[in-house]
Every structure is written in structure tokens, then in C-alpha cells.
Amino acid sequence: MAINFEESVKQFTDFIKTEVKTETVVGQSFQMGEFTCVPVIKFGLGLGYGSGEGHGGVEGKGKGEGTGAGAGGGMGVAPIGFLVTRGDQISFISTHTNKGLSAVFEKVPDLLEKLFDKKKKEKAEAMA
């Protein structure tokens with residue numbers, strides 16, 4: 001049985017293009033009051049392929065000849081959060097616990113707002 005590896009890979013990648021989308025995994029974007037929520041996914045893929053051939057016999061190892069082929073793959077898709085918009089503001093809401101760097105990035109908008117408020121207050125006091 002001959003296996004056309006190129007055709008198999010093409011069929012697999014076509015499947016990924018059509019099926020591995022946020023809409024397929026967790027749904028379309030949606031409205032919640034004033035907010036528009038867009039799901040975000042994480043996608044991972046691993047592929048492997050191998051084949052073999054053989055010919056003449058080796059003494060003590062059999063008569064020779066032979067072929068062989070194998071392929072394998074795996075993929076994972078998981079929701080990681082939502083992009084949430086309200087007017088001209090955009091936030092990311094993680095579906096995982098807030099740890100490490102992601103927690104810092106989530107606090108950046110609040111920190112910037114506090115910094116701008118402080119600068120505004122200082123400027124107002126300087127003009128008074």
C-alpha cells in the first residue's frame with residue numbers, strides 16, 4: 001500500500017485551516033451590555049514522520065528486503081481568555097489564574113490611569 005505523504009499533509013493542513021478557529025473552539029464574539037467580548041485560543045501542533053527501506057540480508061539477521069513508514073501527530077486547542085472592548089478601551093480577561101507576568105500586564109491600565117491622574121493633580125496644583 002503506497003502512502004502519498006504530501007497529499008496526507010495537505011489534507012491535514014486544510015483541516016486545520018478550516019476547523020482550528022476560535023469560533024470553532026469557543027464560539028463567536030458576543031455583546032454583553034456595552035461590552036464586546038472576543039474569545040482567544042491557544043493552539044499547539046506537533047507532527048512526526050519516518051520511513052525505512054531495506055535490501056540484502058545480513059547474516060544472522062534474516063533474509064533481507066523490507067519497507068516501513070509511520071507518521072504521527074497531535075494538537076491541542078484551549079481557550080485562554082477574552083478581549084473585551086468598551087468604546088475605545090480594550091482589556092484582556094484571562095480564563096486562568098493571574099500569576100506572574102500576565103498579572104502585571106492586567107494591572108498596567110490601572111497603573112497608567114493612576115499615573116495620569118497624579119500628573120493632572122500636580123499640574124492643577126502648580127497652576128493654583
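Atom set for the values below is all heavy atoms of this structure, side chains included, hydrogens, waters and symmetry mates excluded.
Within the model, atoms CD1 of I93 and CD1 of I80 stand 13.0 Å from one another, a figure rounded to the nearest 0.5 Å. In this structure, T95 OG1 and I41 CD1 are separated by 12.0 Å, a value rounded to the nearest 0.5 Å. The distance from the CD atom of E34 to the CD atom of Q89 is 10.0 Å, given to the nearest 0.5 Å. Atoms CD and CD, on E53 and E65 in that order, are 10.5 Å from each other to the nearest 0.5 Å. Distance CZ/F82 to OG/S94: 10.5 Å, rounded to 0.5 Å. Atom CE of M75 sits about 4.5 Å away from atom CZ of F15, to the nearest 0.5 Å.
Side chains of V84 and I90 form no contact here, defined as non-hydrogen atoms less than 4.5 Å apart. Put simply, the side chain of T36 does not reach to within 4.5 Å of the side chain of F30, judged on heavy atoms.
Shortest non-hydrogen contact noted between G70 and Y49 is O-CD1, 3.3 Å. Minimum interatomic distance between P39 and S29 (heavy atoms only, all atoms of both residues): CD-CA, 3.9 Å. Closest heavy-atom contact between M32 and C37: CB-SG, 4.5 Å.
Few gaps surround CD on Q31; more than 12 heavy atoms of other groups in view lie less than 6.0 Å from it.
A salt bridge links K10 and D14; the closest N-O separation between the charged side-chain nitrogens and carboxylate oxygens is under 4.0 Å.
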